[in-house]
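Single-structure report; data block below.
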Amino acid sequence: ALSSAASDVYKRQVRYALGITHLLDHVPYSDAVSIKRQMLAHFKQATYYRCRRKERMLDPSEQEYIRKLFVSKGIKELPVYDEYIEKYDW
């Protein structure tokens, strides 16, 4: 068995996002419609709505995809999720 110090080398804390109910609240309507359409195409409808209902977390790469959608529309604010959960990634 690994000592606790050694096992810390193999895990890292990852910040997951939970909930997208207010993600597009401060985005201009036309951009919000476009971003939602792109998210539905990327994540597929079932996954999109699971994320919206807080049944599924968004991992860092998925959060980055959404950030890039914001940037592509010229939105300077970072996406804001309902909450964040720190978990260890093994």
Side-chain angles (χ1 to χ4, degrees):
L2 293 171
S3 70
S4 62
S7 65
D8 287 344
V9 172
Y10 297 102
K11 63 185 179 183
R12 62 187 178 93
Q13 206 162 27
V14 178
R15 187 177 191 212
Y16 290 87
L18 183 63
I20 57 172
T21 55
H22 300 289
L23 183 69
L24 301 173
D25 284 1
H26 302 290
V27 173
Y29 179 76
S30 61
D31 291 337
V33 169
S34 176
I35 289 171
K36 181 178 177 182
R37 188 178 303 125
Q38 289 177 274
M39 288 176 62
L40 282 164
H42 179 80
F43 292 112
K44 306 299 180 225
Q45 188 169 343
T47 301
Y48 173 86
Y49 285 106
R50 285 183 64 217
C51 292
R52 188 169 169 81
R53 291 189 305 261
K54 298 184 182 180
E55 296 171 1
R56 181 186 181 282
M57 293 186 291
L58 291 159
D59 68 33
S61 67
E62 293 167 328
Q63 294 171 54
E64 178 64 12
Y65 170 77
I66 294 169
R67 188 191 69 76
K68 287 179 179 176
L69 290 179
F70 275 53
V71 169
S72 75
K73 297 293 179 189
I75 299 165
K76 292 179 174 33
E77 294 81 19
L78 292 173
V80 177
Y81 301 93
D82 296 359
E83 59 187 288
Y84 295 93
I85 297 173
E86 302 279 342
K87 291 181 70 171
Y88 284 103
D89 187 21
W90 291 86

#### Entry: Distance in Å, Glu64 CD paired with Asp59 CG, rounded so as to fall on 0.5 Å steps
11.0 Å
### Task
Would you give the length of the straight line joining atom CD1 of Ile66 to atom CD of Gln38, rounded to the nearest 0.5 angstrom?
11.0 Å
#### Entry: Closest heavy-atom pair and its distance - Asp25, Thr21
OD1-O, 4.0 Å
### Query
Hey, is NZ on Lys87 packed in by over 12 heavy atoms from elsewhere, all under 6.0 Å?
no
### Task
Flag the pair Ile20 / Tyr48 as yes when at least one side-chain heavy-atom distance between them is below 4.5 Å, and no otherwise.
yes
### Query
CZ of Arg52 to CD of Gln45: how many Å apart, nearest 0.5 Å?
12.5 Å
### Task
Nearest 0.5 Å please: distance from the NE2 atom of His26 over to the CD atom of Glu77.
9.0 Å
### Query
Do the non-hydrogen side-chain atoms of Tyr88 and Val14 ever get within less than 4.5 Å of each other?
no
### Summary
Scanning both residues in full, the closest heavy-atom pair of Leu24 with Lys36 reads CD1-CB, 4.0 Å
### Task
For Ser72 and Leu69, indicate whether the former's side chain and the latter's backbone hold a donor-acceptor pair under 3.5 Å.
yes
### Query
Should the heavy atoms of other residues, nucleotides or ligands under 6.0 Å from CD of Glu83 be counted, would the total exceed 12?
yes
### N/O donor-acceptor pair under 3.5 Å between Lys44 side chain and Ala41 backbone
yes
### Task
Enter the distance from Arg37:CZ to Leu40:CG here, rounded to the nearest 0.5 Å.
9.5 Å
### Query
Shortest non-hydrogen contact from Leu58 to Gln63?
O-NE2, 3.0 Å
#### Entry: From Met57 atom CE to Arg15 atom CZ, the distance as rounded to the nearest 0.5 Å
13.0 Å
### Query
Do the ring planes of His42 and Tyr65 sit parallel (below 30°), tilted (30 to 60°) or perpendicular (above 60°)?
parallel
### Task
Check the pair Arg56 / Glu62 against salt bridge (charged side-chain N to carboxylate O under 4.0 Å, His left out), numbers first and verdict last.
CA-CA 12 Å; Arg56 181 186 181 282; Glu62 293 167 328; 2.7 Å; yes
### Met39 reachable from Tyr16 in the ILVMFWY side-chain graph, under 4.5 Å edges
no
### Summary
For Leu18 and Asp82, the nearest pair of non-hydrogen atoms, with its separation, is O-CB, 3.3 Å
### Query
Is there a donor-acceptor contact under 3.5 Å from the side chain of Ser34 to the main chain of Ser30?
no
#### Entry: Exercise: identify the closest heavy-atom pair between Ala17 and Tyr81
CB-CG, 3.4 Å
### Query
Tell me, do Arg67 and Leu78 make a side-chain contact under 4.5 Å, heavy atoms counted?
yes
